[in-house]
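We number each residue from 1, following the sequence as shown.
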Amino acid sequence: MDVDTIATAHNGRLRTIDPLLPDVDRHLAAPDGADLLVETGGSAAAGFASRTEVAPDSRDALSRPLVEHTLSVHLAGPEPGAALEALLTRWESALSAETAPGDWDTAAVVARPSRDSAGCAELLRHGFSAVRVLAARPADRLVATGPRATPGVHIRPAEQGDLATAVELQLELRNYEAQFGVVTHRPDAGKVVEAELGDLLSRDNPALWIAELYGRPLGMLHVQMPSETGWIAPYTSAERVGYLSSLHIAEAARSSGVGTALASHAHQLFDEASTDVVLLHHALANPRSTPFWCAQGYRPLWTYWYRRPAVH
């Protein structure tokens, strides 16, 4: 099979699995400089292998390894798992030739549609783990009634005077998520987070919200509306996409209803903006995030399989 034939067959298979997935040609366009890998036989696989690197003091370095090797995969034929096995073997030969083993700040990453279970065993055999997901929640359209109020909780737009609180909450969130393998401790994290949040608060309509519990600011929400989500929208077939960038509750407010109130507030904002779906990332192993977001109506759309370091 040629690449176009493989992509067409892959696309047709995914449509039967999950209607929220995009067409392959929208999401898996080859990045600049990507290497095309093709394996054919009874089944077939095509993949684009690429490498990206970020500076240690950059914003992106807070949520990923400095070097990521990514394989975007198209699978076709009656045995897609076998086709992925052959493709992974070929990719790993190339990785071993260009990457020093044991470097924790490198990762090999394969993003797979969450409902497409073909190839999971093959990924595990090659040392990959399902580490995080891009989760999706279709719109509720709660605009008419709004979310139910939570006793003691007041949600308001963040102001310049909230910067220190917002930084503290964001760093708490980062430190907790670093346990799960993608977020990485960086010496300049505080400065980078403060600069990013300061920039958000300086805008005319900041997308940051603070939750107070009986007057104490103990929670924070950051949302991106459809005008800002062009970077993530190609991962779904939905037209108007919202993105829930972060939601964090201080330890003192756990199990108080603040988190649910903030999530409901976010969904109200997204419904008012006529979004079709809301997306967010969370760590699969996080014992708080995974059940919480499931209870809020989210389900996995894409699963990110990581091997870190990229070469052992």
Side-chain angles (χ1 to χ4, degrees), residues 31 51-68 70 103-107 109 131-132 134 155-212 216-233 235 241-253 258-259 262-263 265-266 269-270 273 278-283 286 288-289 304 306 308:
R51 177 187 186 276
T52 59
E53 184 171 355
V54 297
D57 59 351
S58 67
R59 175 184 174 277
D60 288 340
L62 300 182
S63 57
R64 52 159 284 175
L66 297 183
V67 177
E68 285 189 353
T70 303
D103 183 352
W104 176 248
D105 240 330
T106 66
V109 186
V131 172
R132 68 171 183 158
L134 178 64
I155 299 172
R156 59 173 175 79
E159 302 170 347
Q160 286 287 351
D162 295 310
L163 179 59
T165 297
V167 170
E168 181 181 356
L169 289 169
Q170 191 70 6
L171 290 176
E172 278 185 12
L173 176 61
R174 280 188 38 74
N175 289 336
Y176 185 75
E177 289 191 336
Q179 302 173 93
F180 307 114
V182 178
V183 171
T184 303
H185 288 295
R186 304 288 180 202
D188 293 329
K191 293 179 181 178
V192 175
V193 168
E194 183 174 4
E196 179 187 10
L197 293 176
D199 177 66
L200 286 173
L201 289 172
S202 68
R203 300 178 185 178
D204 292 336
N205 295 298
L208 286 177
W209 297 80
I210 294 293
E212 296 178 345
R216 294 179 60 194
L218 295 174
M220 183 180 71
L221 168 72
H222 177 205
V223 296
Q224 295 181 23
M225 294 300 166
S227 61
E228 304 174 280
T229 58
W231 64 279
I232 196 69
Y235 286 75
V241 177
Y243 183 72
L244 204 160
S245 182
S246 65
L247 185 156
H248 182 62
I249 307 303
E251 194 67 35
V258 176
L262 270 179
H265 181 74
L269 295 173
F270 288 126
V278 181
L279 303 178
L280 59 82
H281 287 95
H282 70 81
N286 188 327
R288 292 171 173 170
S289 291
Y304 295 80
Y306 276 75
R308 187 173 182 187

For [X] and [Y], indicate whether the former's side chain and the latter's backbone hold a donor-acceptor pair under 3.5 Å.
X	Y	answer
Asp188	Lys191	no
Thr106	Asp103	yes
Thr229	Gly242	no
Ser246	Leu244	no
Asn286	Ala283	no
Arg308	Gly181	yes

Side chain to side chain contact (heavy atoms under 4.5 Å, CB included) involving Ser58 - partner list, sequence neighbours excluded: Val54, Ala55, Asp60, Ala61
Side chain to side chain contact (heavy atoms under 4.5 Å, CB included) partners for Ala178, two or more places apart: Val183, His185
To the nearest 0.5 Å, tell me how far [X] [atom1] sits from [Y] [atom2].
X	Y	atom1	atom2	value
Phe180	Arg132	CZ	CZ	14.0 Å
Ile210	Leu262	CD1	CG	8.5 Å
Leu201	Glu196	CG	CD	10.5 Å
Asp162	Leu208	CG	CG	9.0 Å

Where do [X] and [Y] come nearest, in terms of heavy atoms and distance?
X	Y	answer
Leu247	Ala263	CD1-N, 3.6 Å
Pro157	Trp209	N-CE3, 3.4 Å
His282	Ser289	CB-CB, 4.0 Å
Ile155	Ala211	CG1-CB, 4.2 Å

Lys/Arg N to Asp/Glu carboxylate O, [X] vs [Y], below 4.0 Å:
X	Y	value
Arg64	Asp105	no
Arg51	Glu68	no
Arg174	Glu168	no

Stepwise side chain to side chain contact (heavy atoms under 4.5 Å, CB included) test for Leu134 and Ile232: CA-CA 10 Å; Leu134 178 64; Ile232 196 69; 4.0 Å; yes
Counting only pairs under 3.5 Å, give me each side-chain donor-acceptor contact of residues 216-225, with atom names and distances, residues two or more places apart or in other chains.
| from | atom 1 | to | atom 2 | distance (Å) |
| --- | --- | --- | --- | --- |
| His222 | ND1 | Ser245 | OG | 3.2 |
| Gln224 | OE1 | Trp231 | NE1 | 2.9 |

Working for side chain to side chain contact (heavy atoms under 4.5 Å, CB included), residues Leu171 and Val193: CA-CA 8 Å; Leu171 290 176; Val193 168; 3.9 Å; yes
Pairs meeting criterion salt bridge (charged side-chain N to carboxylate O under 4.0 Å, His left out) with involvement of residues 197-206, two or more places apart: Asp199-Arg203, Arg203-Glu228
Donor-acceptor side-chain pairing of His248 and Glu172 below 3.5 angstrom: yes
Arg59 atom CZ, neighbour heavy-atom count above 12 within 6.0 Å: no
Residue pairs, two or more places apart or on separate chains, that pass ring pair (Phe, Tyr, Trp, His ring centres under 6.0 Å) and touch residues 186-205: none
Ring pair (Phe, Tyr, Trp, His ring centres under 6.0 Å) involving His281 - partner list, sequence neighbours excluded: Tyr243, Tyr304
Derivation of the side chain to side chain contact (heavy atoms under 4.5 Å, CB included) call for Val192 and Leu62: CA-CA 9 Å; Val192 175; Leu62 300 182; 3.6 Å; yes
Side chain to side chain contact (heavy atoms under 4.5 Å, CB included) between Leu163 and Leu197, worked out: CA-CA 7 Å; Leu163 179 59; Leu197 293 176; 3.9 Å; yes
